[in-house]
**Student:** 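Got a structure for you, written out below as structure tokens; questions coming shortly.
Computed from a predicted model, the values in this text were never measured in an experiment.
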Amino acid sequence: MPELPEVEALAGFLRQHAVGAVVGRVDIAALSVLKTFDPPMTALQGRDVTAAARFGKHLALDCDGLWLVTHLSRAGWMRWLDNPSVTPPKPGKGPLALRVHFFTPEGLTPAFDLTEAGTKKRLAVWVVNDPQEVPGIARLGPDAMAVTEVEFAEILGGTSARIKNSIVDQSLIAGIGNAYSDEILHTAKLSPFATSSRLTPEQISALYAVMRSTLADAIERSEGQDAARLKGEKRSGMRVHARTGLPCPVCGDVVREVSFAERSFQYCATCQTGGKPLADRRMSKLLK
């Protein structure tokens, strides 16, 4: 899933390539992605693109006061096309969900595609007059790159959830997902199962600093990358996430995994839990 650094990079890419252009034809290849119908998608046509923005993990284009907002979810992505086909795509064919064409001041006619791999279709698109009309944006807590340390401490002190769940809860802190939460907790040497409200002031201060530095480093590595390279850049910077069975780059212990119904997370027992493996519900069932 694209998280804060990748969505920020995509917003930066659109600021460079789409802002200043005029929206042309909008091709809808999957009606299921549309979550609003008024204003209609056709209302975007002919409008100037005046800004690109990120709200948590939502990506948004300001088209002269009318906003095109998307949440890429787990398997969605944006792809830029310098020379898109003039033939409208056939609905239901392949991963393409939406294509937005542009006319640039230089006379170019690029486009971007919103695509989604897999069978679970969760990619979402809204056309709204105000981004706050998108339910997921309206519920967002303070952004992970804007929250102060005092606010961060108050947020964690007010919840008894596990710290892994707290920092991925978008209503508490916006922008962090499964991957970067693994990296942040590993660097901070905290167990994913630690109770948020029981962290010491020293642990919270260290966690805040690690959160900011981890995300800032990922943003810096992603800056200037085109959309096609962002996924690879994200994977290359991971120390524990998606590295189950490989050695921890800090201590050499094996990276372990805890699996749930639809997702999993990775951690190092030596670095984060005093050498004690965490209970994995899926493995426990297999061993019964």
**Student:** Side chain to side chain contact (heavy atoms under 4.5 Å, CB included), that's the test. Do Leu207 and Ile163 meet it? Break it down for me.
**Tutor:** CA-CA 10 Å; Leu207 178 60; Ile163 188 61; 3.8 Å; yes

**Student:** May I have the step-by-step check of side chain to side chain contact (heavy atoms under 4.5 Å, CB included) for Thr50 and Val19, ending in yes or no?
**Tutor:** CA-CA 5 Å; Thr50 53; Val19 170; 5.8 Å; no

**Student:** Once the angle between the rings of His17 and Phe13 is folded into 0 to 90°, is it parallel (under 30°), tilted (30 to 60°) or perpendicular (over 60°)?
**Tutor:** parallel

**Student:** Between the main-chain N or O of Leu108 and the side-chain N or O of Thr104, is there a donor-acceptor pair closer than 3.5 Å?
**Tutor:** yes

**Student:** So which atom in Ala53 and which in Trp67 form the shortest heavy-atom distance, rounded to 0.1 Å?
**Tutor:** CB-CZ3, 4.2 Å

**Student:** Output yes when a side-chain donor or acceptor of Ser73 lies under 3.5 Å from a complementary backbone atom of Ala75, and no otherwise.
**Tutor:** no

**Student:** Using a 4.5 Å cut-off on heavy atoms from C-beta on, say whether the side chain of Phe102 contacts that of Val22.
**Tutor:**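 No, their side chains stay 4.5 Å or more apart.
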
**Student:** Donor-acceptor pair, Glu183 side chain versus Met238 backbone, under 3.5 Å?
**Tutor:**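 No; zero donor-acceptor contacts below 3.5 Å.
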
**Student:** Keeping Glu257 on the side-chain end and Thr244 on the backbone end, is there a donor-acceptor pair under 3.5 Å?
**Tutor:**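 No; judged by distance alone, with no hydrogens or angles, the pair does not exist.
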
**Student:** Give a yes or no answer on whether the side chain of Tyr267 reaches the backbone of Leu278 with a donor-acceptor pair at less than 3.5 Å.
**Tutor:**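 Pair found, side chain donor or acceptor close to backbone of Leu278.
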
**Student:** Side chains of Leu4 and Ile219: does their closest heavy-atom pair fall under 4.5 Å?
**Tutor:**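 In short, these two side chains touch, coming nearer than 4.5 Å.
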
**Student:** Take Phe193 and Asn165, measure what side chain to side chain contact (heavy atoms under 4.5 Å, CB included) needs, and give me the verdict at the end.
**Tutor:** CA-CA 9 Å; Phe193 284 178; Asn165 295 336; over 6 Å; no

**Student:** Could you tell me the separation between the CG atom of Asp253 and the CD atom of Gln272, rounded to the nearest 0.5 Å?
**Tutor:** 10.5 Å

**Student:** Below 4.0 angstrom, N of the basic side chain to O of the carboxylate: do Arg256 and Asp280 qualify?
**Tutor:** no

**Student:** Between CZ of Arg25 and OG1 of Thr109, what distance do you get to the nearest 0.5 Å?
**Tutor:**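 Output value for this atom pair is 10.5 Å.
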
**Student:** Ignoring hydrogens and geometry, is there a side-chain-to-backbone donor-acceptor pair from Arg47 to Asp64 under 3.5 Å?
**Tutor:**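 At least one qualifying donor-acceptor pair exists.
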
**Student:** Do Trp126 and Leu98 share a hydrophobic cluster (ILVMFWY, side-chain heavy atoms under 4.5 Å, transitive)?
**Tutor:**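 Each belongs to a different hydrophobic cluster.
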
**Student:** How close do Gly252 and Pro247 get, heavy atom to heavy atom, and via which atoms?
**Tutor:**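 Heavy atoms of Gly252 and Pro247 come nearest at O-CB, 3.8 Å.
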
**Student:** Starting at CG of Leu123, measure out to OG of Ser32 and round the result to the nearest 0.5 Å.
**Tutor:**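 These two atoms lie 8.0 Å from each other.
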
**Student:** In the single-linkage hydrophobic clustering (I, L, V, M, F, W, Y; side-chain heavy atoms under 4.5 Å), do Leu81 and Leu14 co-cluster?
**Tutor:** no

**Student:** For Glu6 and Glu3, indicate whether the former's side chain and the latter's backbone hold a donor-acceptor pair under 3.5 Å.
**Tutor:** yes

**Student:** State whether Arg99 and Asp27 are salt-bridged, where the test is any N-O pair (Lys NZ or Arg NE/NH1/NH2 against Asp/Glu carboxylate O) under 4.0 Å.
**Tutor:**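 Salt bridge between Arg99 and Asp27, a charged N being under 4.0 Å from a carboxylate O: no.
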
**Student:** Verify the cluster assignment for Phe112 and Val69: are they in a single hydrophobic cluster under the rule of side-chain heavy atoms below 4.5 Å apart?
**Tutor:**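 Phe112 does not cluster with Val69.
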
**Student:** Using ring pair (Phe, Tyr, Trp, His ring centres under 6.0 Å) as the criterion, list what pairs up with Tyr208, not counting sequence neighbours.
**Tutor:** Phe152

**Student:** In the structure I gave you, are the side-chain heavy atoms of Pro5 and Leu215 within less than 4.5 Å of one another anywhere?
**Tutor:** yes

**Student:** Compare every heavy atom of Asn178 with every heavy atom of Ser264, then report the nearest pair and how far apart it is.
**Tutor:** O-ND2, 2.7 Å

**Student:** Among Leu185, Val255, Leu246, exactly one meets side-chain contact (heavy atoms from CB on, under 4.5 Å) together with Val240. Which residue is that?
**Tutor:**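 With Val240 as partner, side-chain contact (heavy atoms from CB on, under 4.5 Å) holds for just one option, Val255.
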
**Student:** Which distance, rounded to the nearest 0.5 Å, do you find between the CG of Leu190 and the CG of Leu199?
**Tutor:** 6.0 Å

**Student:** Show the nearest heavy-atom pair for residues Gly177 and Lys57, with the distance to one decimal.
**Tutor:** CA-NZ, 3.8 Å

**Student:** Please assess Arg239 against Asp182 for the test salt bridge (Lys or Arg N to Asp or Glu O under 4.0 Å), listing each intermediate value before the final yes or no.
**Tutor:** CA-CA 9 Å; Arg239 306 199 305 178; Asp182 284 353; over 6 Å; no

**Student:** Looking at every heavy atom in both Ser160 and Thr195, which two are closest together, and how far apart are they?
**Tutor:** O-CG2, 3.5 Å

**Student:** Counting only pairs under 3.5 Å, give me each side-chain donor-acceptor contact of residues 133-149, with atom names and distances, residues two or more places apart or in other chains.
**Tutor:**
unit_1: Glu133; atom_1: OE2; unit_2: Asp130; atom_2: N; d: 3.2
unit_1: Asp143; atom_1: OD1; unit_2: Arg54; atom_2: NH1; d: 2.7
unit_1: Asp143; atom_1: OD1; unit_2: Arg54; atom_2: NH2; d: 3.3
unit_1: Asp143; atom_1: OD2; unit_2: Arg54; atom_2: NH2; d: 3.2
unit_1: Asp143; atom_1: OD2; unit_2: Met145; atom_2: N; d: 3.0
unit_1: Thr148; atom_1: OG1; unit_2: Glu151; atom_2: N; d: 3.1
unit_1: Thr148; atom_1: OG1; unit_2: Glu151; atom_2: OE1; d: 3.3
unit_1: Glu149; atom_1: OE2; unit_2: Ser205; atom_2: OG; d: 2.9

**Student:** So, the side chain of Lys121 versus the backbone of Glu116: is there a donor-acceptor pair under 3.5 Å, distance only?
**Tutor:** yes

**Student:** Show, in sequence, the C-alpha distance, side-chain angles and deciding distance for His71 and Arg122, and conclude whether the side chain to side chain contact (heavy atoms under 4.5 Å, CB included) test is met.
**Tutor:** CA-CA 8 Å; His71 190 283; Arg122 296 173 178 170; over 6 Å; no

**Student:** For the residue pair Ile176 and Ser181, what are the closest heavy atoms and their distance?
**Tutor:**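 Here Ile176 and Ser181 meet closest at CG2-N, 3.7 Å.
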
**Student:** Could you give the distance from CD1 (Ile155) to OG (Ser197), rounded to the nearest 0.5 Å?
**Tutor:** 14.0 Å

**Student:** Just by modelled atom types, is the Ile184 backbone N or O under 3.5 Å from a matching donor or acceptor in the Thr214 side chain?
**Tutor:** no

**Student:** Out of the candidates Val100, Thr36, Ile28, only one should pair with Met41 under the side-chain contact (heavy atoms from CB on, under 4.5 Å) rule; please name it.
**Tutor:**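 Exactly one candidate clears the test, Ile28.
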
**Student:** Please check if Leu66 and Leu59 belong to a single hydrophobic cluster, counting links between Ile, Leu, Val, Met, Phe, Trp and Tyr side chain heavy atoms closer than 4.5 Å.
**Tutor:** yes

**Student:** Between Glu8 and Arg15, is the closest basic N to carboxylate O distance under 4.0 Å?
**Tutor:** yes

**Student:** Say whether Leu72 and Val26 are linked into one hydrophobic cluster, either directly or through other cluster members, by side-chain heavy-atom distances under 4.5 angstrom.
**Tutor:** yes

**Student:** Give, for atom NE2 of His186 and atom SG of Cys248, the distance between the pair rounded to the nearest 0.5 Å.
**Tutor:** 3.5 Å

**Student:** Where do Thr115 and Asp113 land on the side-chain hydrogen bond (donor to acceptor under 3.5 Å, both in side chains) test, with the steps shown first?
**Tutor:** CA-CA 6 Å; Thr115 63; Asp113 286 353; over 6 Å; no

